Amino acid sequence: MSVNEIGEKDLNVQSFIERQVAEISAAVGGGLAVNALSGGVDSSTVTLLGHRALGNRLKTYFIDNGLMREGEPQFVVETFRKLGVPVEIVDAQDAFFSALKGLSDPEEKRKIGITRTFYRDVFGPLVKRSGAKFLLQGTIYTDVEETVAGIKAQHNVLAQMGIDTEQAYGYKVLEPVIALRKPAVRLVAKALGLPAAIADRPPFPGPALTARVIGEATRERIATARKATVIVEAELADAGAFQCMAILHEDRVTGIRAGAREFGQQIEVRCWDTRDAVTAAPTRLPFDKLTRIADRLTSEVPGVVSVTYNVTGKPPSTMEAV
Ligand code: XMP
C-alpha cells in the first residue's frame, strides 16, 4: 500500500486544506471534474475541497442507487444547497437493481453489483457526457487498508486493486483525503464549514443497504432493511455509539402472529463502540431498549418475526454484515 497515513496528531488542518485545494487545481488545470456526493462525511469533505479549488468547474452528482436510507437524496441536496453547492440527482436505481439481480455472494455484490455498476455503467457515461477528465472521490485510509488486506473490497478502492480508471472508465480519480482516517476527516470537514449533521454523521457504507442485506439485494428486501434502519437509528440515536445498523438475514424462521404460523424474516441489530473502525466492541445496551426495538421491528416492519442483537466484537466479526 503506497499511501502514507497522516495521523490526527500530525494533521495541520488548515495547511492540509490549502495543500489539497492546490493539488486539485494543479491536476485539473483549466478543465472540468465531477464528483459523486453520498452525504457521508468523506464525500462531503471532498465536495467542499473540490468546490474551493474549482468552483463551478466541479459538477457534483448524487447517484440515487435505490439503496440509500429513507429521505437521503432530499437531505443531501438541501444541505448542500444551503452551502452554495448545486447537486444534481441521477436516478440510477434500475441499473443497480438489475446488476444485483441473482447475486448473493458478498464480494460479488460489492465488486459486480456496486463497484462496476457505479464506475462503468453509471459514472462512465456521465463523465463522458460532461467532458470531465477527473473524478474526485472520498476514499479514506481505512478503506484501502481493509481492501488490500483482502477483508472486504470497499467499493471505492481502485488503484490498489489494480484498476486503471483511465483505461477502464475514461477518467482519472483524485482522492484528496486518502491519507486520513475518519476522525481526521471530521476535523477537516468542520474546518471547511460543514454542519455537524454531516461532519459528525455516523459512517454509512458505500454499498449502502446491500451491505446490510444478507443474500440477494432485491428491491423488496432493501425496502425491509430501510424500514428497519429508520427504527434502529431513531431508537439508538442517544446511545453514544459510533454506528448502529439493522441487518436482514437470509434464513427465515417460524414465528407466530395472531395465533397463526408465520414463516418470517429475521433482523439482527448491531451497535458499535469504536474510534477508528479497525477494532470495535458491541455497545452494552440496556435490555429494555433492546426489547423496545424488537417490539417496534416486529410490529412495524412487515414479515419480521425475530430480532437478535450481535454481541460479537470486531474481530472476528466485521461491522457490516456483507
Ligand atoms: P467493516 O464492515 O469493514 O466496516 O468492519 C468498517 C467501517 O467501514 C464501513 N464500510 C464501508 N465504507 N465503503 C465505505 O465507504 C465500503 O465498501 C464499506 N464497507 C464497510 C462500515 O460502515 C464501517 O464504518
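Treat the numbers as computed from the prediction; the structure is a model and nothing was measured. When a ligand or atom number is given, it counts from 1 through the structure's own listing order.
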(Q) Any atom of ligand 1 sitting under 4.0 Å from a heavy atom of Pro207? (A) yes

Q. For ligand 1, is there an atom lying under 4.0 Å from some heavy atom of Lys182?
A. no

(Q) Checking Glu320 against Arg110 for the salt bridge (charged side-chain N to carboxylate O under 4.0 Å, His left out) test, could you report, in this order, the C-alpha distance in whole Å, the side-chain angles of both residues, the deciding distance, and whether it holds? (A) CA-CA 12 Å; Glu320 304 288 346; Arg110 283 173 170 265; over 6 Å; no

Is it possible for you to say whether [X] and [Y] belong to one hydrophobic cluster, with membership spreading through side-chain heavy-atom contacts below 4.5 Å?
| X | Y | result |
| --- | --- | --- |
| Val3 | Leu136 | yes |
| Val278 | Val144 | no |
| Ile151 | Met245 | no |
| Leu32 | Tyr61 | no |

Backbone or side chain, does any N or O of [X] fall under 3.5 Å from an N or O of ligand 1?
| X | value |
| --- | --- |
| Phe204 | no |
| Arg212 | no |
| Asn156 | no |
| Phe242 | no |

Q.
Does only the side chain of Pro203 get under 4.0 Å from ligand 1, or the backbone, or both, or neither? Count heavy atoms.
A. side chain

Top protein contact for [atom], by heavy-atom distance:
| atom | value |
| --- | --- |
| atom 20 (C) of ligand 1 | Glu320 CG, 3.7 Å |
| atom 24 (O) of ligand 1 | Gln243 OE1, 2.9 Å |
| atom 19 (N) of ligand 1 | Arg110 NH2, 3.0 Å |
| atom 15 (O) of ligand 1 | His155 CE1, 3.5 Å |
| atom 2 (O) of ligand 1 | Lys152 NZ, 2.6 Å |
| atom 7 (C) of ligand 1 | Ala277 CB, 3.9 Å |

Q) Considering only heavy atoms of Gly206, which atoms of ligand 1 have at least one such atom less than 4.0 Å away? A) 12 (N), 13 (N), 14 (C), 15 (O), 16 (C)

Q | Lys314: numbered ligand 1 atoms lying under 4.0 Å from its heavy atoms | A | 1 (P), 3 (O), 5 (O), 6 (C)

**Q.** Glu216 and Thr218 side chains, donor-acceptor separation under 3.5 Å
**A.** no

Q.
Does the plane of the ring in Tyr169 sit parallel, tilted or perpendicular to the ring in Tyr119? Use 30° and 60° as the thresholds.
A. parallel

(Q) Can you confirm whether more than 12 heavy atoms, excluding those of Arg275, are under 6.0 Å from its CZ atom? (A) no

Q) Applying the side chain to side chain contact (heavy atoms under 4.5 Å, CB included) test to Val230, which of Arg69, Glu300, Glu70 qualifies? A) Glu70

Q: Kindly indicate whether a cation-pi arrangement holds for Lys101 with Phe97, taking the cut-offs as under 6.0 Å to the six-membered ring centre and within 45° of the axis.
A: no

Q. Who gets closest to atom 3 (O) of ligand 1 by heavy atom: Glu146, Met319, Gln154?
A. Glu146

